[in-house]
Every structure is written in structure tokens, then in C-alpha cells.
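Written out below as C-alpha cells is the structure these notes cover.
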Amino acid sequence: MGTGRQTRQRSAILGKIREAEGPLSIAQIHERAGGEIPRLGIATVYRAVKALREGGEIVAVELPGEEPHYETADRGHHHHFRCRVCEQTYDLGVCPVGIPRGTMLPGGYTVEDHSLTLYGRCADCVA
Ligand SMILES: [Zn+2]
Ligand SMILES: [Zn+2]
């Protein structure tokens, strides 16, 4: 439980994470939510993110070599595309992995899941 002000801050922060084009870093959340919440401090963003994670509303996304990014927990199976130019991470609408769950690989390995991050240039940066 928090004060009314805390609740409003958290719901504004959750809204920014939800409407984003992909997972956001703490700095990105701070920048985007700052337009809506006057005098928003970075410590407040950290606290809100911690509370939202503990509440199961958002999850951390680990990208190799990057600080953690955050996305809502209800996004379902999806992959990320990391633009090497603008360093923005996007959700992909397609799953490019053609290895269904249950596939038996040589050696007796049964596939249950996969994770994948693609790297390249986004539409804005390819030009
Ligand atoms: Zn880009
Ligand atoms: Zn997939």
C-alpha cells in the first residue's frame, strides 16, 4: 500500500512501460514518465519498478551487456530486436524460430522453449 501520490506515480510509470515499443531501461522510464509526473526523481522510478516487479505486473528483460530493461508481464511469447544505431529495443510481432515445442534434437534433447534477441537496424536507422 502506498499514498495516493505513490499510487498515481506507479500507475503512470506502468502506463509508460505498457505503451512502449519494447522493454525500457530505468533511464527511459524516467524520461518518458517525467513528462507526466512533475519533478519525478530517478529514485522514485527505481522504487516504483521494484514494487511493480514484486507485484508481478512487470518483469526484467536481460539483454547481454545492457542494464536491465522492463516490460509488462502479460506480453506473451515474443522476441526482441535491438537496434545497434539508436540502441532502442523493440518487441517483434513474429516468432522467427521454426523449432516447435516438443521437437527432439539429436542427442535426445527435447525442446520446451527458446529465447532469442535479434540485432540490426530499426526502420528509422536503416535509411
Ligand atoms: Zn534505430
Ligand atoms: Zn519464439
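Residue numbers count from 1 along this sequence. Whatever order the structure lists ligands and atoms in, that order sets their numbers, starting from 1.
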Query - His30 side chain to Gln28 backbone, donor-acceptor under 3.5 Å - result: no

**Report entry** Pair listing, ring pair (Phe, Tyr, Trp, His ring centres under 6.0 Å) test, anchored in residues 105-127, at least two apart
**Finding:** His77-His114, His79-His114

Requested in this report: Keeping the roles fixed (side chain from Arg101, backbone from Glu112), state whether a donor-acceptor pair exists under 3.5 Å.
Outcome: yes

Query raised in the report: Do side-chain atoms of Glu19 reach the backbone of Lys16 as a donor and acceptor pair under 3.5 angstrom?
Result: no

Report task. In sequence, state the C-alpha distance, the side-chain angles, and the governing distance for Glu66 and Arg82, and then conclude on salt bridge (Lys or Arg N to Asp or Glu O under 4.0 Å). Result -> CA-CA 11 Å; Glu66 301 295 328; Arg82 174 86 174 166; 2.9 Å; yes

Query raised in the report: If you leave out waters, which protein N, O or S atoms are less than 2.8 Å from the Zn ion (ligand 2)?
Result: His77 NE2, His79 NE2, Cys95 SG, His114 NE2

Report task. Mind checking the CD1-CG spacing from Ile29 to Leu14? Nearest 0.5 Å is all I need. Result -> 10.0 Å

Report summary line: Vertex the Zn ion (ligand 1), ends Cys86/SG and Cys83/SG: angle to nearest 10° comes to 100°

